[in-house]
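Worksheet for the structure shown next.
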Protein chains: 2
Amino acid sequence: MPDHHERPDHHEHPDHRELDPRKAAILEAVVSEYIGTAQPVGSQHVATSSGISVSSATVRAEMVALEREGYLVQPHTSAGRIPTDKGYRFFVDQLAEPGVLGPSQRHEVSRFFEQVHGEMEEMLERTSGLLSDLTSCASVVLPPGHESAAVRSVQVVGLGPRLALVVVVLADGAVEKRSIELDDDVTEVALAAASSRLQTAARSRPLGAGMDPVQSGDPSVDRVVARALSAMAELVSADHDRVFVGGSSRLADAFEAVDTVRSVLAILEQQLVVVSLLRDVLERGLSVAIGTEHGYESLASCAVVVAPVPVDGQEVGAVGLLGPTRMNYPQALAAAKVVGERLGQRLGSGERAGTPATQGRSRRNAGR
Amino acid sequence: MPDHHERPDHHEHPDHRELDPRKAAILEAVVSEYIGTAQPVGSQHVATSSGISVSSATVRAEMVALEREGYLVQPHTSAGRIPTDKGYRFFVDQLAEPGVLGPSQRHEVSRFFEQVHGEMEEMLERTSGLLSDLTSCASVVLPPGHESAAVRSVQVVGLGPRLALVVVVLADGAVEKRSIELDDDVTEVALAAASSRLQTAARSRPLGAGMDPVQSGDPSVDRVVARALSAMAELVSADHDRVFVGGSSRLADAFEAVDTVRSVLAILEQQLVVVSLLRDVLERGLSVAIGTEHGYESLASCAVVVAPVPVDGQEVGAVGLLGPTRMNYPQALAAAKVVGERLGQRLGSGERAGTPATQGRSRRNAGR
DNA sequence: GCTGGCACTCGGTAAAATCGAGTGCCAGCA
DNA sequence: TGCTGGCACTCGATTTTACCGAGTGCCAGC
């Protein structure tokens, strides 16, 4: 609840911990208005907006204070105020009520997850489209890592005289691959032997767990197995570089400066950067990073909203939204949260279906 | 009517087949200049540009003719001329010399293809980045279809009680997958049997070829095999929906109108549209489509440059560039051509390595 | 402590003035 | 005949000026 005590609070922090209830109400009005109109908000508008019952003069006085405290700025004298990053931050933390999706949006989400089908990549791609549609922001879907997904199959397939591909199928339906080099003289038979050894060693265990296959008699087989295992180990972490970006066209009219659009698009093209951005924010326990709160210079005029994609209780993936700092935070937060959850359920159900009864246990036992 | 009676030239086509050499030179100067500056080009500039040795008054007269014939337009009276789509078309077809990459760019391409490594997806992704860097356009890489790629491995992996995944590894290192439904009671053993049957039937044959595995005794195995085969048949054509788009941020300053940027970005987000656009253009034997030459309304201010990615002589993939109609065509064409070829070689070498001697033959024999 | 009133600021818009690149046309020249 | 220099003219872009009004800070009074 934003405005809990109406009574005169004594010895409040001079800074951003607490804010005069009236100031808070004014700040909220400014932020809401500005999010809607993208125009500087004047005292008049605030005074006539609901929840405020003082005159514009009083509002002005309070606005001066809010500006001094860093919540608002004036683009120039004799203009209305617009929120600073700090202002948005306070709004998000203290003022905005949880925010719910409209019924039509809720319906859209439900219908999406009922109808969606196909391979995982397609689903994730379309999920990012859904998020963009819901929020009018660019969206990012960070697929779950594979640490805890059970291995359903491992195979080493020869591609050339010195080249082979390790193909791993996971219980959630993901297929990962990695090429390895071979010694000159590895036969198909040896590859098959290696495959079957890997298969028994890894089967039903999470990809992240260490594996320790018994030695075979054949050293060339063992060498292949070893290489394949290290390739699989790389897969655990290295697959993260695939993200699904959607709705980048929304950025075109989100910002007035073309330069901003270009630089934000440029960031979205660098998948590695996007991944670490989302992970950073999520790890710091935030669900939204405003302006410069994340370290990325060229996203200074952006806000990032993230939500985990929890699969069976673990936070393994993430969805993110990228928009201007004056985005509709309540709605974006709600959308990200809901879609993240639903996506997690969806992925989880697939996984559970993969290994009906053993799945839940296998992960717990698998702790190396 | 055009000005044929001003010149004693005998019954030339009144239209765009051939153009007075001087007119051609003027048109070329206008196009080149406009490509460089994005500003309407006046007769003065043309007159002083190399290759023209007449006065600006004469240039003006010719420009009037060129405008009447539809090669140039004036944004407004008393402004210079800018080329029409028809003007660009003539420039591309008749005027522009083949166009070569600068030595530094040539070097960049070589270094890229020496250094590039990793799985195919990553390579294609990075290739599209390379193309963008070379041309300052948005770029698209359409990976080769798999019709003619030899199958190296087929496997059916159970994911759930009624769900399995068909995983196909191809000689070029690509891995495709598709989920199929199962009857209730299919055992792991049956899946393994189906896998081995598929393996023998498909192995070393192109994915596109029909396959006709012998019946096993077990009807449930046969049912799995049949489903897997139809899934594989779908893979042949259905995988095309994955394209690699790069450099979309270049579009931000390619157009002056934000609306244009948005709508072009929106097109690029629809992978299916991009695919059919490229295929259309390529099929019509064009290497560049200017303005409205392709049917897409919202790309009317764009030009599309495509080049095939020939793998072992067949045109199986494509690379494309998307930019404003005033793009640097010679350079774009050269870049697309070179990168397409090099990419094809690269993909081909991988494939050939996969099936050293049989590859060439296996395709021919495979005609069912 | 809030409010209405007031003088003031200053960006945005509109009208007017200016500039100059570029044009079409034409008479004269090779 | 075809090219050229010259010339009057156009008209978008830029600058100038004027003006409006939303918005501000401040202050006296309730």
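As the structure is a prediction and not an experimental result, all values here were calculated from the model. Computed over heavy atoms, backbone and side chain alike; hydrogens, waters and symmetry mates excluded. Below, chain A is the first sequence line, B the second, and so on; all start at residue 1.
- In this structure, D:dC30 forms a base pair with C:dG1, meeting either the Watson-Crick or the G-U wobble geometry with both donor-acceptor distances under 3.5 Å.
- Sorted by first and then second residue, the pairs that involve residues 320-333 of chain B and meet side chain to side chain donor-acceptor pair (under 3.5 Å), not counting sequence neighbours, are B:Q105-B:Q331.
- Summarising the geometry, the separation between NE2 on A:H76 and C1' on C:dT9 is reported as 10 Å, rounded to the nearest angstrom.
- Proximity of a side-chain donor or acceptor of A:S43 to a complementary backbone N or O of A:V59 within less than 3.5 Å is not detected.
- Using Watson-Crick or G-U wobble geometry with both donor-acceptor distances under 3.5 Å, D:dT1 finds its partner in C:dA30.
- The interatomic distance linking A:Q39 (CD) with C:dG11 (P) rounds to 15 Å, in whole Å.
- Checked by atom type and distance alone, the side chain of A:S56 never pairs as donor or acceptor with a backbone atom of A:A47 at under 3.5 Å.
- Look at A:T58 and you won't find any side-chain N or O under 4.0 angstrom from OP1 or OP2 of C:dC2.
- No side-chain heavy atom of B:V245 sits under 4.5 Å from any side-chain heavy atom of B:S128.
- Side chains of B:E33 and B:S49: no donor on one and acceptor on the other come within 3.5 Å.
- At the phosphate of C:dC2, OP1 or OP2 sits under 4.0 Å from a side-chain N or O atom of A:R22.
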Task: Nucleotide-resolved protein contact map, nucleotides 20-30 of chain D, B/S/- at heavy-atom distance under 4.0 Å - done: ---SBBB----
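- Of the nucleotides present, C:dC8 is the one that pairs with D:dG23 by Watson-Crick or G-U wobble criteria, both distances under 3.5 Å.
- The closest donor-acceptor contact from the side chain of A:E269 to the backbone of B:S249 lies under 3.5 Å.
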